[in-house]
**Q** 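Handing you this structure, nothing more for now.
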Amino acid sequence: MPPHFGHIGSYLPGDTFASRLELRLTGMHRPVRAGIAGSQHTGAESIVLSQVYEDDVFSEDEIIYTGQGGRDPKTGHQVTSQVANDRNLALMKSQETGQPVRVIRKVTDEGSGAQVFRYEGLYRVLSYEYGLGKSGVGVWRFRLVPERLAAGQLPTA
DNA sequence: TCCATGCGCGGCC
DNA sequence: GGCCGCGCAGTGG
C-alpha cells in the first residue's frame, strides 16, 4: 500500500478506536506496535501518543512528541540517547515537506473507563530539536500544531 | 510472563 | 528494480 497522508475515509477527529489492531485495519495507523508510521523518504503519515514516553507534552494547541528509541520498557525512563533512526528521520522529513500527520492519542474513555485510541486530527511538524530529556539523556523533540493553526503561525509566533 | 506480527531498511542478486 | 532476511517496536492476548 502506498503511503496515505491526511484523513482516512470518513473518520473525523474525536473518533475512537479500541486497539492498535483496529487502527491498523482502518488504515489510521498501520504499524502494529511502532508509534511512528512512514518512512524517511516520504515522511510520517501518522503517530500515536501512548503516554509512555516521559518527555511528551500534549496541550490544546501544541504537541511535543518525543522521538523513538532510548527507552527502557521496564522502567519507562529514557536510558540511552536517541539517534536519528529511520522513524525519527521520517518526522524530520515531515517538517521539510509540510505534509499533515495524523495524530492519535491513547486516552481513558469516560464512562467505560477503557483505554481507547482517539483520533486528534491532522497536525504539522513545525520544528524539532535535540536536547536532554527528564532522565538526562538525549531525545528528539518534535513540535506539532493542529493543521488549522499551522498556517497562521508560520514564521512568526 | 512471554512472545507473536508487520514494516522499513539494507544486502544481494 | 525486486526479493529476502533482519531487527525492532508508543501491543496485547
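Every heavy atom of this structure was used, including side-chain atoms; hydrogens, water molecules and symmetry mates were not. Just so it is clear: chains get the letters A, B, ... in the order the sequence lines come, proteins before strands, and each one is counted from 1.
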**Q** Using residues 35-45 of chain A as the side-chain source, report each donor-acceptor pair under 3.5 Å to any protein atom, sequence neighbours left out, with the distance given to one decimal.
**A**
| unit_1 | atom_1 | unit_2 | atom_2 | d |
| --- | --- | --- | --- | --- |
| S39(A) | OG | H41(A) | N | 3.3 |
| S39(A) | OG | T42(A) | N | 3.2 |
| S39(A) | OG | T42(A) | OG1 | 3.0 |
| E45(A) | OE1 | H4(A) | N | 3.3 |
| E45(A) | OE2 | R30(A) | NH2 | 3.4 |

**Q** Starting at atom CD of Q115(A), determine the distance to atom C1' of dG13(C), rounded to an integer number of angstrom.
**A**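 The answer, rounded to whole Å, is 16 Å.
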
**Q** Which residue pairs satisfy the side chain to side chain donor-acceptor pair (under 3.5 Å) criterion with at least one member in residues 79-92 of chain A, sequence neighbours excluded?
**A**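 Only Q68(A)-N85(A), N85(A)-N88(A) qualify under side chain to side chain donor-acceptor pair (under 3.5 Å).
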
**Q** Who passes side chain to side chain contact (heavy atoms under 4.5 Å, CB included) against E120(A), sequence neighbours left out?
**A**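 So E120(A) forms a side chain to side chain contact (heavy atoms under 4.5 Å, CB included) with F58(A), V103(A), R105(A), R118(A), Y123(A).
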
**Q** Determine if Y65(A) stacks with dG10(C); use a centre-to-centre distance below 5.5 Å and an interplanar angle below 30° as the criteria.
**A**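 According to the criterion (under 5.5 Å, under 30°), yes, Y65(A) stacks.
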
**Q** Applying side-chain hydrogen bond (donor to acceptor under 3.5 Å, both in side chains), name anything that partners T108(A), two or more places apart in sequence or on another chain.
**A**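 Counting only residues at least two positions away or on another chain, T108(A) forms a side-chain hydrogen bond (donor to acceptor under 3.5 Å, both in side chains) with Q115(A).
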
**Q** Check each residue of residues 16-35 of chain A for a non-hydrogen atom within less than 4.0 Å of any atom in DNA chain C, then write out the ones that pass by number, or none.
**A**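 Heavy-atom cutoff 4.0 Å gives S19(A), R20(A), V32(A), R33(A), A34(A), G35(A).
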
**Q** Pull out every residue in residues 83-96 of chain A that has a heavy atom closer than 4.0 Å to any atom of DNA chain C, ordered by number, or say none.
**A**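 Contacting residues: none.
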
**Q** Out of the candidates V48(A), L122(A), I47(A), only one should pair with R102(A) under the side chain to side chain contact (heavy atoms under 4.5 Å, CB included) rule; please name it.
**A**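 Exactly one pass, corresponding to L122(A).
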
**Q** Restricting to pairs with a member in residues 12-22 of chain A, which pass salt bridge (charged side-chain N to carboxylate O under 4.0 Å, His left out), not counting sequence neighbours?
**A**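 For residues 12-22 of chain A, and leaving out neighbouring residues, there are no salt bridge (charged side-chain N to carboxylate O under 4.0 Å, His left out) pairs at all.
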
**Q** Between H29(A) and F117(A), does a side chain to side chain contact (heavy atoms under 4.5 Å, CB included) hold up when you go through it step by step?
**A** CA-CA 11 Å; H29(A) 185 79; F117(A) 293 90; over 6 Å; no

**Q** R71(A) has an atom CZ; how far is it from atom P of dG10(C), in whole Å?
**A**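 Interatomic distance, CZ of R71(A) to P of dG10(C): 8 Å.
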
**Q** Tell me the stems DNA chain B sits in, counting at least three consecutive Watson-Crick or G-U wobble pairs, each under 3.5 Å on both distances.
**A**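 Stem list for DNA chain B: B:2-4 with C:11-13, B:5-13 with C:1-9.
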
**Q** Name all residues meeting the side chain to side chain contact (heavy atoms under 4.5 Å, CB included) criterion together with V116(A); count only those two or more places apart in sequence or in a different chain, and write none if there are none.
**A**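 With sequence neighbours excluded, V116(A) shows a side chain to side chain contact (heavy atoms under 4.5 Å, CB included) to T16(A), V107(A), D109(A), given in chain and number order.
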
**Q** First and last nucleotide of DNA chain B touching chain A, 5' to 3', heavy-atom cut-off 4.0 Å?
**A**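 Boundary nucleotides touching chain A, in 5' to 3' order, are dA4(B) to dC9(B).
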
**Q** How about F17(A) and Y11(A): are their ring centres within less than 6.0 Å of each other?
**A**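 Ring-ring flag for F17(A)/Y11(A): true, centres closer than 6.0 Å.
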
**Q** Identify, residue by residue, the members of residues 38-55 of chain A with a heavy atom below 4.0 Å from DNA chain B, and return them in order of residue number, or none.
**A**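 Under 4.0 Å from DNA chain B: G38(A), S39(A), Q40(A), H41(A).
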
**Q** Name the orientation class of the two ring planes belonging to W140(A) and Y128(A) (parallel below 30°, tilted from 30 to 60°, perpendicular beyond 60°).
**A**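 Geometry flag for Y128(A) against W140(A): perpendicular rings.
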
**Q** Within the structure provided, determine whether I64(A) and F142(A) are in side-chain contact (heavy-atom separation under 4.5 Å).
**A**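 The answer is no; the side chains never approach within 4.5 Å.
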
**Q** Please, which pairs that meet salt bridge (charged side-chain N to carboxylate O under 4.0 Å, His left out) have at least one residue in residues 67-84 of chain A, sequence neighbours excluded?
**A**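 For residues 67-84 of chain A, and leaving out neighbouring residues, there are no salt bridge (charged side-chain N to carboxylate O under 4.0 Å, His left out) pairs at all.
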
**Q** Rounded to the nearest angstrom, tell me the gap between atom CD in Q68(A) and atom C1' in dC8(C).
**A**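 In whole Å, dC8(C) C1' and Q68(A) CD are 8 Å from each other.
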
**Q** Starting at CD1 of I8(A), measure out to OG1 of T26(A) and round the result to the nearest 0.5 Å.
**A**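 One gets 7.5 Å once the value is rounded to the nearest 0.5 Å.
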
**Q** Whole Å only: how far is the CZ atom of R141(A) from the P atom of dG10(C)?
**A**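 In whole Å, dG10(C) P lies 18 Å from R141(A) CZ.
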
**Q** Assess, by modelled atom type and distance only, whether the side chains of S135(A) and E54(A) contain a donor and an acceptor separated by less than 3.5 Å.
**A**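 Yes.
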
**Q** Closest approach of L132(A) and V139(A), non-hydrogen atoms and distance?
**A**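 Scanning both residues completely, I find the closest heavy atoms to be C-CG2, 4.4 Å.
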
